[in-house]
Number of protein chains: 2
Amino acid sequence: MFELDIRSRKPIYEQLVEKLKELIINDVLKGDEKLPSVRELAQQMTINPNTIQKAYRELESQGYIYSQKGKGSFVHPVEKSENKEELNKVREELKKLFAEAIYLGITTEEIQAMLREVEGGEPHD
Amino acid sequence: MFELDIRSRKPIYEQLVEKLKELIINDVLKGDEKLPSVRELAQQMTINPNTIQKAYRELESQGYIYSQKGKGSFVHPVEKSENKEELNKVREELKKLFAEAIYLGITTEEIQAMLREVEGGEPHD
DNA sequence: TAACTGTACTATTATTATTAATACAGTTGT
DNA sequence: ACAACTGTATTAATAATAATAGTACAGTTA
């Protein structure tokens with residue numbers, strides 16, 4: 001499914017959250033698609049089930065997946081602008097990053113080009 | 001100078017790095033301006049000097065400040081696109097954030113508006 | 001019923017962050 | 001030369017967090 005950097009200083013569960021978020025955002029994992037079960041993924045990656053569970057719990061609280069006892073965990077289909085907290089967090093991060101990028105000398109033209117590039121590749125329906 | 005969230009799960013030295021970077025990027029701390037000494041800042045914030053040093057070391061490795069034995073630590077004046085590693089890291093983060101923002105339903109128009117906003121407020125010379 | 005699911009809990013270990021106490025070398029002003 | 005600053009380095013002890021291990025319970029499915 002993906003790989004983690006075991007010797008990174010970033011906690012495993014955080015890396016898991018990031019990677020899964022990426023897959024969901026890039027529509028590799030489609031809406032309502034079932035994720036590997038906690039135990040299954042744990043075995044695949046040879047890490048502890050509790051660590052997977054922690055990542056799933058985090059993803060759920062951020063609104064990216066939902067879980068049902070006995071059934072499994074699934075990708076939360078996007079209903080636009082649903083998670084307001086997450087939305088504002090992203091807005092804040094964008095502003096910070098823009099300031100940093102400009103500070104480092106990245107031109108607004110380049111930034112806009114990157115935006116168009118990402119925009120073009122994201123018809124997630 | 002600023003405040004840290006002592007009960008955040010994010011390490012103190014990381015918070016320090018972020019805050020200082022922000023001040024530098026937003027030109028609150030000007031080029032070649034002297035930062036508080038390791039011991040001084042440690043006393044002000046009632047945290048250990050080693051923690052400050054760790055943050056300063058990180059900022060130096062990222063190219064945001066420079067330090068001189070016996071003299072102090074200073075804001076590194078920007079010579080555009082100097083730190084290529086940092087540049088590419090920011091580019092990568094931008095792409096990820098764009099994808100996430102679009103996924104969450106933020107329009108490209110809004111993103112462009114935010115960019116213009118930040119752009120306008122950053123004549124750091 | 002058997003074999004799956006998520007979830008919760010406690011205990012233990014491993015890893016990392018933070019503090020603490022020194023020490024040394026360079027700078028600055030007196 | 002001296003005192004009082006600077007950054008830097010090192011070692012040790014403690015605190016905080018991440019990760020593992022083992023177990024249990026409730027819901028689902030065939």
Side-chain angles (χ1 to χ4, degrees), chain A residues 1-21 24 29 31-77, chain B residues 1-21 24 29 31-77:
Chain A
M1 198 167 195
F2 42 66
E3 290 174 12
L4 301 181
D5 184 2
I6 194 62
R7 84 189 78 84
S8 163
R9 37 254 148 246
K10 186 168 294 186
I12 295 178
Y13 78 95
E14 277 188 21
Q15 292 184 51
L16 260 173
V17 168
E18 275 186 17
K19 297 281 187 184
L20 284 169
K21 241 162 109 167
I24 293 174
L29 297 175
D32 289 318
E33 180 171 343
K34 187 174 180 306
L35 296 174
S37 81
V38 168
R39 295 172 179 82
E40 188 184 336
L41 189 51
Q43 194 171 15
Q44 271 184 34
M45 322 198 65
T46 53
I47 55 182
N48 195 282
N50 295 331
T51 306
I52 308 286
Q53 192 198 341
K54 191 169 183 180
Y56 277 15
R57 194 190 307 139
E58 176 66 17
L59 281 167
E60 186 166 18
S61 89
Q62 287 187 23
Y64 286 92
I65 70 174
Y66 63 93
S67 300
Q68 291 180 339
K69 215 186 273 183
K71 305 185 86 170
S73 298
F74 308 85
V75 176
H76 199 143
Chain B
M1 198 167 193
F2 42 66
E3 290 173 12
L4 301 181
D5 183 2
I6 195 60
R7 85 190 75 88
S8 164
R9 38 254 149 245
K10 186 167 292 184
I12 296 176
Y13 77 95
E14 278 189 21
Q15 292 185 52
L16 259 173
V17 168
E18 275 186 17
K19 296 281 187 184
L20 284 169
K21 242 163 109 167
I24 293 174
L29 296 175
D32 290 318
E33 179 171 342
K34 189 174 179 305
L35 296 174
S37 81
V38 169
R39 293 172 180 81
E40 188 185 335
L41 189 52
Q43 195 170 16
Q44 272 183 35
M45 323 197 64
T46 53
I47 54 183
N48 196 282
N50 295 332
T51 305
I52 308 284
Q53 192 198 340
K54 191 170 185 181
Y56 277 15
R57 194 190 306 138
E58 176 66 17
L59 281 168
E60 185 165 18
S61 89
Q62 288 187 23
Y64 286 91
I65 69 173
Y66 62 93
S67 299
Q68 292 179 339
K69 216 186 272 183
K71 305 186 88 173
S73 298
F74 308 86
V75 176
H76 199 144

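Naming: A, B, ... by sequence-line order, numbering from 1 per chain.
- Using a 4.0 Å heavy-atom criterion, one finds that B/Gln68 contacts the sugar-phosphate atoms exclusively.
- Rounding to whole angstrom units, CG of residue A/Asn48 and P of D/dT23 are separated by 13 Å.
- Regarding A/Ile47, its CD1 atom lies at a distance of 15 Å from the P atom of C/dT15, rounded to whole Å.
- Atom CD1 of A/Ile12 is separated from atom P of C/dT16 by 10 Å (rounded to the nearest Å).
- Within the 4.0 angstrom heavy-atom criterion, no nucleotide atom of any strand lies near B/Glu14.
- Atom NZ in B/Lys69 sits about 9 Å away from atom C1' in D/dA9, given to the nearest Å.
- Nearer to the 5' terminus of DNA chain D, by closest-nucleotide assignment, is the contact made by B/Lys71 (compared with the other of A/Asn50 and B/Lys71).
- Spacing between atom OH of B/Tyr13 and atom C1' of D/dA15 amounts to 16 Å, rounded to whole angstrom units.
- Of all nucleotides listed (D/dG7, D/dT8, C/dA17), C/dA17 comes nearest to the side chain of B/Pro11.
- DNA chain C is contacted by both A/Ser67 and B/Thr51; A/Ser67 maps to the nucleotide lying nearer its 5′ end (nearest heavy atom per residue).
- The residue A/Arg39 sits close to a base: some heavy atom pair falls under 4.0 Å.
- Between the side chain of A/Gln15 and the backbone N or O of A/Lys10, at least one donor-acceptor pair lies under 3.5 Å.
- With sequence neighbours excluded, no residue forms a side chain to side chain contact (heavy atoms under 4.5 Å, CB included) with B/Gln43.
- Residue B/Gln15 is classed as having no contact, given no heavy-atom separation below 4.0 Å to the nucleic acid.
- Counting heavy atoms from C-beta on, the side chains of B/Tyr56 and B/Leu35 come closer than 4.5 Å.
- Spacing between atom CZ of B/Phe74 and atom P of D/dT6 amounts to 11 Å, rounded to whole angstrom units.
- Residue A/Glu58 contributes atom CD, which lies 14 Å from atom C1' of D/dA18 at whole-angstrom precision.
- Looking only at side-chain heavy atoms (C-beta outward), A/Ile6 and A/Ile12 come within less than 4.5 Å of each other.
- Remark: side-chain polar atoms of A/Gln53 are not paired, donor with acceptor, to backbone N or O of A/Val38 under 3.5 angstrom.
- Separating the CD1 atom of A/Ile6 from the P atom of C/dA14 is a distance of 15 Å, rounded to the nearest angstrom.
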